*Asks:* 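Before I ask anything, let me first share the structure, which is written out below as C-alpha cells.
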Amino acid sequence: MLANLCQYYYSVYLFDLENDRGEAMWREDHADGSDIAPQDSLSAYYKKFVEEHVFHEDREKMLRAGSPKFLRHTLSAEQPVYDVDFRRICPDGHVGWVRSRFSVGEMEKGRVKSVIFANMDINEQKLKEMEEERQKKLYVESQNIIKGLSSFYHSVYYIDLQQETFQVFMQRSDIAKYLEESDNFRLLMKTYSSHLIYKDDQERFQHEFSAEEIRRRVSRGESIYATEYRRDYGGMYGWMRVHTIVAESRNGTPVKVILAAHNIEEEKKQKEQNQLALITAYEAAKTANEAKSSFLAQMSHDIRTPINAIVGMSAIAAAHLDSSERVTDCLSKINISSKHLLELVNEILDMSKIEKGKLELHEEHFQVSAFMSDITVIVQPSVSEKSLHISFDSSAVKHNDLIGDVGRIRQALLNIVTNAVKYTPANGGIKVRAEELPSRDSGRICLVFTVEDNGIGISKEFLSNIFLPFAREDNTEVRKVHGTGLGMPIAQGIVATMGGTIEAESRLGEGSKFTVTLFLRAAAQEAEERPACADDTKMVEWKSKTRLLLAEDNELNMEIATTILRESGLVVDCAENGKEAVDLFLKSSPGRYQAILMDVQMPIMDGYTATREIRGSGHPQAHDIPIIAVTANAFAEDVAKALRSGMNDHISKPINFENLKKLLQKYLA
Ligand code: ADP
C-alpha cells in the first residue's frame with residue numbers, strides 16, 4: 001500500500017492517535033527536511049510540521065485540519081478521507097501548492113485509532129484551476145457588463161480587424177436571422193446596412209465600417225469615436241449612433257475593436273426641440289423689436305396727421321380773415337383735429353403704460369347701474385347722429401355696488417361700445433348688457449359685459465390681430481372711420497391688468513360680439529348708503545371778485561388760460577415762473593387770492609419748490625390757500641409728487657376747463 005501511495009505523494013506520515021505519536025513513513029529525498037523528534041506528542045509533532053513546511057497564511061487552517069480532535073470528529077467509516085490544500089514552503093524556499101489527505105489507518109469498533117497523513121504536489125494543477133476560476137469570474141463579470149450595456153446599446157460586436165471576423169456580444173434578433181452561422185465581418189455590415197439603415201445613409205455606413213476605414217481612423221489617434229446614421233423604419237427614419245472602441249492594438253495598429261450601437265431618437269428629438277425653442281425665442285425677440293419700430297413709425301405718422309390739419313387750417317383761416325364763415329369752418333376743423341391729437345397722445349401714453357406693466361389701478365366704490373347710464377350718456381350723441389338702435393340692460397346684476405377702478409373699466413368698455421357705434425352702419429342695432437355670473441371665487445363677483453352689434457363685422461384673419469397696437473382692418477369701410485387701432489389693445493390691457501378677459505367673435509358683414517369678464521369685489525352693506533357719484537354739471541357761479549394766482553411760463557398757454565378763466569368771471573393775476581408766484585403771494589394782503597394754479601415745469605423756480613416755499617412762509621394763508629398743480633405729466637407718480645410738495649390737487653394739460661371749474665368750485669365753496 002505504501003508503495004502505491006508513494007507514486008503520488010512525496011511524503012507520508014502515520015498519526016497514532018491511541019498512543020499520541022506521529023512518525024514519518026516515507027519522504028521523497030527527505031522532502032520535508034529533517035525529521036522531527038518522534039518522542040514528542042502527536043500535537044507537538046504536527047505543530048512542528050506545520051511551522052516548518054506550511055506558508056504562514058495557511059498555518060491556522062492546517063493546524064485545525066490535522067489536530068487529533070478534529071480528525072477523530074471528522075473521519076469515520078462513512079467518511080474515511082479528508083483533503084485540504086495548502087501552500088508549502090519547499091526546501092529550496094519557493095512556495096507551491098500541496099494537497100494533504102488525511103485518511104483512516106486503523107479503526108476499532110467505530111473508533112479511529114490511526115490516521116495516514118499524505119502530501120501531494122498539486123502546484124501545476126492548482127494554478128490551472130485558479131486560472132480557470134479567474135477566467136470563469138472574468139466571464140461572469142463581462143457578461144454582467146454586457147448585460148449592463150444592453151440597457152443602453154441594442155447591438156454590441158467584437159471585431160477582429162485582421163481576420164475580418166466578428167463575435168456577437170449582443171445582437172438584434174432581426175439581424176441574427178440573416179447571418180446564420182457566419183462570422184464574416186463584411187457580411188455582418190452588409191446585412192446590418194441593408195436591413196436597418198435608411199437608404200440614403202447605406203453607402204456611408206458601409207464605407208465607415210469597412211476594416212480599412214476603421215484602421216485608418218484609429219491610426220489617426222481616435223481610439224473611441226461615434227458615428228450617426230438614420231435607421232430605416234419602413235421608409236420613415238429615426239437616428240442611431242455607433243461607438244467604435246479599440247479593444248486591442250498591436251504595434252500601434254488596431255487588431256480588435258468593439259462596435260456598439262444605440263438609438264438616439266430621444267436625444268435628437270430633445271435637440272431639435274431646444275433648437276426650435278431657440279428659433280422661436282429669436283423670432284419673438286425679432287418680432288417684438290419690429291413691432292416697436294413700427295409702433296414708433298405709426299405713432300409719429302398718426303400724430304402728424306392732425307397736426308398737419310391744424311397747421312393747414314390755421315393758414316387757410318389766416319388767409320380768409322374777411323370771411324367769418326370760412327374762419328368758423330377752419331376753427332371747427334382745428335378743434336376736431338386737436339381733440340383727435342389729444343386722444344391719440346392719451347392713448348399712446350396708456351398703451352405704453354400697459355406695455356410696461358405700469359398701469360396702476362385705483363379702487364373705488366361704484367354702482368353698475370350708474371356706470372351703465374354714464375356710458376349711455378356718453379355715446380348717445382353719436383348714436384342719435386347715426387340713427388342707431390342701442391339698448392342697455394343691467395337687470396341681471398344682483399350686486400349693484402362694487403369696488404374697482406371704475407374709470408379704467410369705463411375706458412375699456414367705451415372703447416368697445418364706441419367701436420360698435422363706429423363700425424355699425426346707420427339704422428343698425430347695438431346691445432350692451434351687464435350680467436352677473438356665479439363666481440367660483442367666493443370673495444369676488446363675476447361681472448360680464450357683452451357688446452353686440454350687427455355692423456360691418458371683422459374678417460377671420462383680422463380677428464386674430466385685433467388686439468395688436470395700431471392694427472386696423474384693411475377695408476374701405478374701416479378706412480372711412482377715424483381710428484388709431486389702439487382702442488382694442490388698450491381695452492385688453494386694462495382688462496388683463498384687472499385679471500379679467502376679453503373675447504371677440506365676429507363674422508364679416510354680419511356683426512361682432514365682444515365679451516368682457518371681470519372679477520370684482522362687492523362693496524360691503526354699509527357702503528350701499530353712499531350717494532352715487534354726485535355729478536353736478538350745472539353752470540358755476542363765482543362769488544364776486546374771486547381772484548386766482550396763475551403761474552405759467554408758456555405765453556400761449558397763459559393767454560388761453562387767462563382768457564377762458566376771465567371770461568367765466570374770475571380775476572386772474574399772472575406769474576411767469578415759480579419765483580414770481582411766491583413773491584406775488586407773499587406781498588399779497590390776506591384774502592386777496594382764493595387759489596393758486598401752479599404749472600410744474602417752469603424756469604428759475606419749478607412749481608414743487610414754489611409750493612414748498614409758500615407752505616413754509618409766514619403768510620396768514622400759507623397753509624390753507626388751495627394750490628392746484630397744472631401739469632403735462634399725467635402719470636400717477638407726478639400726482640403723488642405734487643401732493644407731497646404740498647399741493648391740494650392736480651389737473652393735466654391741456655386743461656379741460658369744465659373740469660378745472662368743477663375743481664375750483666370744490667375748493668372755493
Ligand atoms: P380703431 O381706433 O381703429 O377703432 P381699435 O383698436 O378700437 O381701433 O379697433 C381695431 C380695429 O378692429 C378697427 O380698426 C376695426 O377694423 C376693428 N373693429 C373693432 N371693433 C369692431 C366692430 N365692432 N365691428 C367691426 N370692426 C371692428
Side-chain angles (χ1 to χ4, degrees), residues 291 294-295 297-306 309 336-355 359 375 378-379 382-383 385-392 408-433 448-497 501-516:
S294 81
F295 184 96
Q298 184 75 38
M299 186 175 88
S300 46
H301 166 266
D302 284 14
I303 289 178
R304 237 175 257 272
T305 310
I336 292 171
S337 296
S338 314
K339 279 186 180 148
H340 281 165
L341 186 60
L342 182 59
E343 188 188 310
L344 180 65
V345 170
N346 283 338
E347 281 185 340
I348 290 169
L349 285 178
D350 281 343
M351 200 62 238
S352 87
K353 269 191 242 175
I354 287 168
E355 291 202 327
L359 191 73
I375 303 236
I378 296 169
V379 296
S382 35
V383 166
E385 202 177 304
K386 281 182 91 175
S387 310
L388 296 172
H389 306 282
I390 193 161
S391 67
F392 288 87
R408 289 298 187 186
I409 299 174
R410 187 187 301 119
Q411 185 184 3
L413 209 67
L414 266 178
N415 284 356
I416 298 170
V417 178
T418 48
N419 275 352
V421 173
K422 271 158 56 174
Y423 302 110
T424 300
N427 300 312
I430 300 168
K431 280 187 230 160
V432 184
R433 203 167 56 230
V448 179
F449 292 103
T450 46
V451 179
E452 220 175 329
D453 66 57
N454 61 2
I456 62 170
I458 302 161
S459 70
K460 210 171 145 210
E461 303 76 61
F462 184 72
L463 201 59
S464 51
N465 292 334
I466 194 161
F467 296 115
L468 297 179
F470 295 114
R472 303 195 73 202
E473 180 139 38
D474 192 14
N475 67 37
T476 39
E477 275 125 316
V478 171
R479 249 176 279 137
K480 272 194 298 209
V481 181
H482 165 78
T484 57
L486 288 173
M488 286 292 113
I490 288 174
Q492 195 203 32
I494 290 172
V495 169
T497 309
T501 58
I502 179 165
E503 273 165 61
E505 299 158 66
S506 187
R507 247 174 219 273
L508 201 58
E510 291 181 20
S512 315
K513 181 179 174 185
F514 289 84
T515 308
V516 177

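Every number for a ligand or one of its atoms is a count from 1 in the order of the listing. Along the sequence shown, residues carry numbers from 1. Values in this document were obtained by computation on a predicted structure and should not be read as measured data.
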*Asks:* Any non-hydrogen atom of V478 lying under 4.0 Å from ligand 1?
*Replies:* yes
*Asks:* For ligand 1, note which part of A471 has a heavy atom under 4.0 Å away: side chain, backbone, both or neither.
*Replies:* backbone
*Asks:* Can you check which of E452, K513, M488, K422 brings a heavy atom nearest to atom 6 (O) of ligand 1?
*Replies:* M488
*Asks:* Which residue and non-hydrogen atom of the protein lie closest to atom 19 (C) of ligand 1, and at what distance in Å?
*Replies:* N419 ND2, 3.4 Å
*Asks:* Report the nearest protein non-hydrogen atom to atom 26 (N) of ligand 1: residue, atom name, distance rounded to 0.1 Å.
*Replies:* I458 CG1, 3.3 Å
*Asks:* Would you check whether G487 has a nitrogen or oxygen atom less than 3.5 angstrom from a nitrogen or oxygen atom of ligand 1?
*Replies:* yes
*Asks:* Hey, mind stepping through F449 and V495 against side-chain contact (heavy atoms from CB on, under 4.5 Å) and telling me if it holds?
*Replies:* CA-CA 12 Å; F449 292 103; V495 169; over 6 Å; no
*Asks:* Going by the order shown, which atoms of ligand 1 are within less than 4.0 Å of some heavy atom of G483?
*Replies:* 1 (P), 2 (O), 3 (O)
*Asks:* Please examine the side chains of D474 and R479, heavy atoms only from C-beta on, and report whether any two atoms are closer than 4.5 Å.
*Replies:* yes
*Asks:* What is the minimum heavy-atom distance between N465 and A471, and which atoms define it?
*Replies:* O-CB, 3.5 Å
*Asks:* Which protein heavy atom lies closest to atom 3 (O) of ligand 1, and at what distance to 0.1 Å?
*Replies:* R472 NE, 2.5 Å
*Asks:* Who gets closest to atom 24 (N) of ligand 1 by heavy atom: P469, G485, S512?
*Replies:* S512
*Asks:* V417 vs I378, test: side-chain contact (heavy atoms from CB on, under 4.5 Å). Steps then yes/no.
*Replies:* CA-CA 10 Å; V417 178; I378 296 169; over 6 Å; no
*Asks:* Does ligand 1 have an atom that lies less than 4.0 angstrom from a heavy atom of H482?
*Replies:* no
*Asks:* With a 4.0 Å heavy-atom cut-off (strictly under), which part of L486 contacts ligand 1: side chain, backbone, both or neither?
*Replies:* backbone
*Asks:* Could you check whether any heavy atom of F467 sits closer than 4.0 Å to an atom of ligand 1, since that is the contact criterion I want to use?
*Replies:* no
*Asks:* Looking only at protein heavy atoms, which one is nearest to atom 23 (N) of ligand 1, and how far off is it?
*Replies:* D453 OD2, 2.9 Å
*Asks:* Checking the N or O distance criterion of under 3.5 Å, is ligand 1 in contact with E473?
*Replies:* yes
*Asks:* In Å, rounded to the nearest 0.5 Å, how long is the span from CD of E347 to OG of S352?
*Replies:* 12.5 Å
*Asks:* Give me the residue, atom name and distance of the protein heavy atom closest to atom 21 (C) of ligand 1.
*Replies:* Y423 CD1, 3.6 Å
*Asks:* With a heavy-atom distance limit of 4.0 Å, tell me whether T484 approaches ligand 1 through its side chain, its backbone, both, or neither.
*Replies:* both
*Asks:* Nearest protein heavy atom to atom 12 (O) of ligand 1, by residue and atom, and its distance?
*Replies:* F462 CE2, 3.3 Å
*Asks:* Less than 4.0 Å is my threshold; does some heavy atom of P489 fall inside it relative to ligand 1?
*Replies:* yes
*Asks:* For side-chain contact (heavy atoms from CB on, under 4.5 Å), just list the numbers for D350 and Q411, CA-CA rounded to whole Å, side-chain angles, deciding distance to a tenth of an Å, and then say yes or no.
*Replies:* CA-CA 11 Å; D350 281 343; Q411 185 184 3; 2.6 Å; yes
*Asks:* Look up atom CZ in R410 and atom CG in N415, then write down how far apart they are to the nearest 0.5 Å.
*Replies:* 12.5 Å
*Asks:* So R408 and L359, side-chain contact (heavy atoms from CB on, under 4.5 Å) or not? Walk me through it.
*Replies:* CA-CA 10 Å; R408 289 298 187 186; L359 191 73; 3.5 Å; yes
*Asks:* Any salt bridge between K422 and D453, counting N to O under 4.0 Å?
*Replies:* no
*Asks:* Any idea which heavy atoms bring L341 and P306 closest together, and the distance?
*Replies:* CD1-CG, 3.6 Å
*Asks:* Report the residue from T450, V379, V451 that forms a side chain to side chain contact (heavy atoms under 4.5 Å, CB included) with V432.
*Replies:* V451
